[in-house]
Colleague: 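Submitted below is the structure of interest, expressed as structure tokens.
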Amino acid sequence: MPVQKVNDSSDLDAKVPSHLQRTSITSLTMTSEPSHRCVKTQEDPLQRTAEHTSINVIFFGTLAKDFSQSARQGDVVLLADFTIKKSPSFLRDKLHPCQLEMDGKDDFVYVSVICLHFKILSIAKYTYVPLNDLKPRTVVNVYGVVTFFKQPFPSKGSDYCSTLKITDQSDVKVGCNIFSKKLEDHPILFRVGDIIRLHRFKTDVFRDSMSLLNTFGWSTVTFDGTTDSPVVPRTSSKSFHFGESDIRTVQELRQWAANQSWISNDLKVSLSMVKPGMYFDLTCQLLAKAVMDSRCILLKVWDGTKCQHPLLNVAVASDALEGESTVVKDRMNLTANVLVYDNHLEVARELKPGTFLQFYNLHALLQRAPDQQPDQSEHLSFHLHGGTSYGRGLRSLPAESPALQSLKSVLEKHVDLVEYDEVNDGTLLEIWYTPPEAVGWWRLFWFPISVQFFLSMRTCEHNTRRLTLARVKRSTPPLSCHVRARVKKYKPQQLYQCLKLFCSNCKTMEDVPDDSAVAKVFRESAKDSQPCDEQWAATSSASSREPGRTISMHISRDMVGESTHMQLIFIEGTTLDEICVLSRDYKNLVPVRSVNSRMTLMDLTAPFLFSGDKRYYGCKKCSLNTFQNPVFTGVETWDEQAVAKALGVQLMQYRLLIQFELEDQTDTLEALLWENTERFFHVSAVDASGSQDLQDKIQTIMDTIQPPDSSLEERPWLDLCLSVYSVKDDDRNKVCYQITNTEIKEE
DNA sequence: GGTTAGGATTAG
């Protein structure tokens with residue numbers, strides 16, 4: 001059995017077949033019955049004092065390949081049906097006297113992606129030199145607590161450079177520079193107090209102090225410095241050595257650093273604590289971003305705390321803003337506008353709204369908007385100036401980062417704000433502001449207001465939350481939700497093509513055949529045929545203008561004498577134009593042709609029924625051939641359904657189908673208007689099929705929703721109910737979106 | 001198997 005992954009280590013327990021007994025590594029001996037046992041490598045190594053808690057496991061064949069692709073260091077694994085052998089390396093590695101071998105025939109392995117810091121294999125031993133024992137011009141491995149660092153920045157040479165300073169229990173501080181072309185190889189550092197392990201660094205003396213520089217074969221691994229938090233190695237490297245002694249070293253450094261004044265005095269600053277003029281580090285979440293010019297990007301962020309000073313709002317055109325609207329948070333003085341300059345653009349450009357961020361050395365500045373009077377109070381703006389002095393910079397934080405736990409719990413309390421950010425009251429709906437070019441490249445101002453009204457109205461009773469399109473895309477179907485979006489594009493652009501024929505039986509959907517195709521069917525049916533002669537029908541014929549073509553009308557004898565006898569007429573030998581003219585005077589005309597004098601329906605490419613200005617089509621796949629012995633009794637009023645039933649035709653329904661490309665500040669999304677189309681336009685599809693006025697009405701509405709040649713700002717916002725669902729497409733689940741429960745308001 | 005930087009504020 002191949003290696004399988006589960007999402008949670010607790011799921012491993014459910015995977016254990018009932019005939020297997022859980023056993024611990026320590027209790028494994030050469031005489032253990034392996035076929036009835038399984039091992040879950042779950043114990044926290046820090047809690048263990050007993051000997052032989054680690055065991056080598058050797059994988060063979062495809063299992064080895066599968067395992068190496070599925071498992072990462074630190075994963076919890078469950079092994080079963082292994083072979084127990086004597087460990088040849090026991091004397092050397094001091095691990096378990098046995099080793100487990102898995103050859104892949106009947107064995108199975110489950111791997112949990114949750115990292116519980118368990119060592120899978122121990123490969124090599126490293127020695128680490130205390131920082132006060134470093135000798136010049138040697139290559140060493142060291143551990144240290146980071147007391148200062150800069151995010152990697154481009155050097156004047158060919159590489160990025162990380163500059164940091166570390167210390168350890170010896171209290172000696174050592175500077176360290178790391179050069180690498182690849183950003184991902186640089187140490188992942190979030191804050192002062194993080195712990196770093198350096199392998200193969202060269203020592204040298206610089207300005208009377210020891211310094212470290214990466215040299216061939218170098219690597220770095222970093223850890224969060226919080227005491228009692230899990231020891232999770234941070235590295236981009238796929239293979240690295242990490243064992244119990246590393247965990248111990250990290251724990252010891254954490255403990256030591258926690259009592260040092262330089263770290264315990266490091267107060268975390270939230271927006272509520274910011275004073276004008278301060279330089280500080282800010283942990284926050286990105287709400288929206290906008291490129292201001294080639295040297296400046298605006299990041300709108302929040303940390304859930306309210307600033308004591310009024311915050312400056314930087315206005316940008318809504319189409320230049322990526323991310324959700326911040327109107328409500330702006331009003332509550334929760335949104336910090338951060339202007340990010342110069343060298344930091346490289347990082348800022350890649351950030352996506354929703355990301356958690358860490359700013360380093362952010363500058364809070366009181367500023368007056370250009371149009372503000374001198375007597376009005378100034379507002380607080382935030383600048384991440386160019387350069388890297390004082391470690392100035394920014395980086396995204398992974399969502400699971402321990403540094404984010406308190407931020408997340410504060411943001412949770414604002415969950416209503418996040419969801420209802422775009423106001424529900426229909427008055428203040430969006431800020432949009434395009435600065436006139438003449439004034440300059442951008443302007444600052446405070447609470448601009450403009451109003452746009454929704455054109456569509458949701459009719460559903462759901463009390464679901466309004467989501468951004470980006471959130472909808474991240475959601476798992478099935479789901480109903482509300483969105484506010486503009487129509488970027490729609491298909492078909494030729495709106496008559498949105499009228500479709502749909503078979504409710506086989507779910508086939510077809511375009512309505514165009515007149516030239518239908519006319520051809522009529523011409524070919526009328527060619528060289530003699531009027532049909534059916535016992536059940538009364539027939540009258542007339543010559544057409546064309547020689548050799550006879551037009552015949554047939555009425556069921558069953559109906560003669562009944563009030564319905566003129567309601568259903570079979571007609572033969574006409575052109576399409578002629579039957580269209582005739583259908584003005586007769587309620588139901590069924591075009592037929594003669595095959596060996598027997599009455600037969602035309603090819604179902606043509607309508608099987610003309611009824612006033614409407615034409616009805618039958619499904620080619622589902623229609624039964626019961627026309628040989630039609631029954632016409634017992635029907636009071638003939639409509640398309642009764643006719644279809646009598647003829648054994650599967651009636652196709654008219655439907656309207658439009659595909660919208662919706663857009664909001666966060667994303668675009670393709671949504672169908674399908675089951676809800678008639679309600680949306682207040683137009684029935686079958687009526688639209690025969691009415692130019694109704695088709696014009698649809699066109700007018702579409703021109704309002706998406707005015708031809710309009711810019712994005714000119715398009716109205718639509719308040720929509722969306723249904724998110726999945727369909728099987730080539731055996732793969734595809735997520736689809738449909739507009740439901742929504743109508744266009746009629747003024 | 002070179003060089004880069006070697007902390008120490010923008011000035012919008």
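All values below come from the heavy atoms of this structure, side chains included, with hydrogens, waters and symmetry mates left out.
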Colleague: With sequence neighbours excluded, give me every salt bridge (charged side-chain N to carboxylate O under 4.0 Å, His left out) pair touching residues 165-189 of chain A.
Modeller: A/D159-A/K181

Colleague: How would you list, by chain and number, every residue that makes a salt bridge (charged side-chain N to carboxylate O under 4.0 Å, His left out) with A/D133, sequence neighbours excluded?
Modeller: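 A/D133: no salt bridge (charged side-chain N to carboxylate O under 4.0 Å, His left out) contacts found.
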
Colleague: Among all residues two or more places apart in sequence or in another chain, which pass the side-chain hydrogen bond (donor to acceptor under 3.5 Å, both in side chains) test with A/K300?
Modeller: A/N313, A/N337

Colleague: Enumerate donor-acceptor pairs with a distance under 3.5 Å from any side-chain N or O in residues 401-410 of chain A to protein atoms, sequence neighbours excluded.
Modeller:
{"unit_1": "A/S401", "atom_1": "OG", "unit_2": "A/A403", "atom_2": "N", "d": "3.4"}
{"unit_1": "A/Q405", "atom_1": "NE2", "unit_2": "A/S401", "atom_2": "O", "d": "2.8"}
{"unit_1": "A/K408", "atom_1": "NZ", "unit_2": "A/A399", "atom_2": "O", "d": "2.4"}
{"unit_1": "A/S409", "atom_1": "OG", "unit_2": "A/S406", "atom_2": "O", "d": "2.9"}

Colleague: I'd like to compare against my own output: the B/S/- annotation of nucleotides 4-11 of chain B with a strict under-4.0 Å heavy-atom distance to protein.
Modeller: BBBBSBB-

Colleague: Taking the C1' atom of each, how far is B/dG6 from B/dT10, in whole Å?
Modeller: 23 Å

Colleague: Using the side-chain hydrogen bond (donor to acceptor under 3.5 Å, both in side chains) criterion, which residues pair with A/Y390? Sequence neighbours excluded.
Modeller: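 Counting only residues at least two positions away or on another chain, A/Y390 forms no side-chain hydrogen bond (donor to acceptor under 3.5 Å, both in side chains).
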
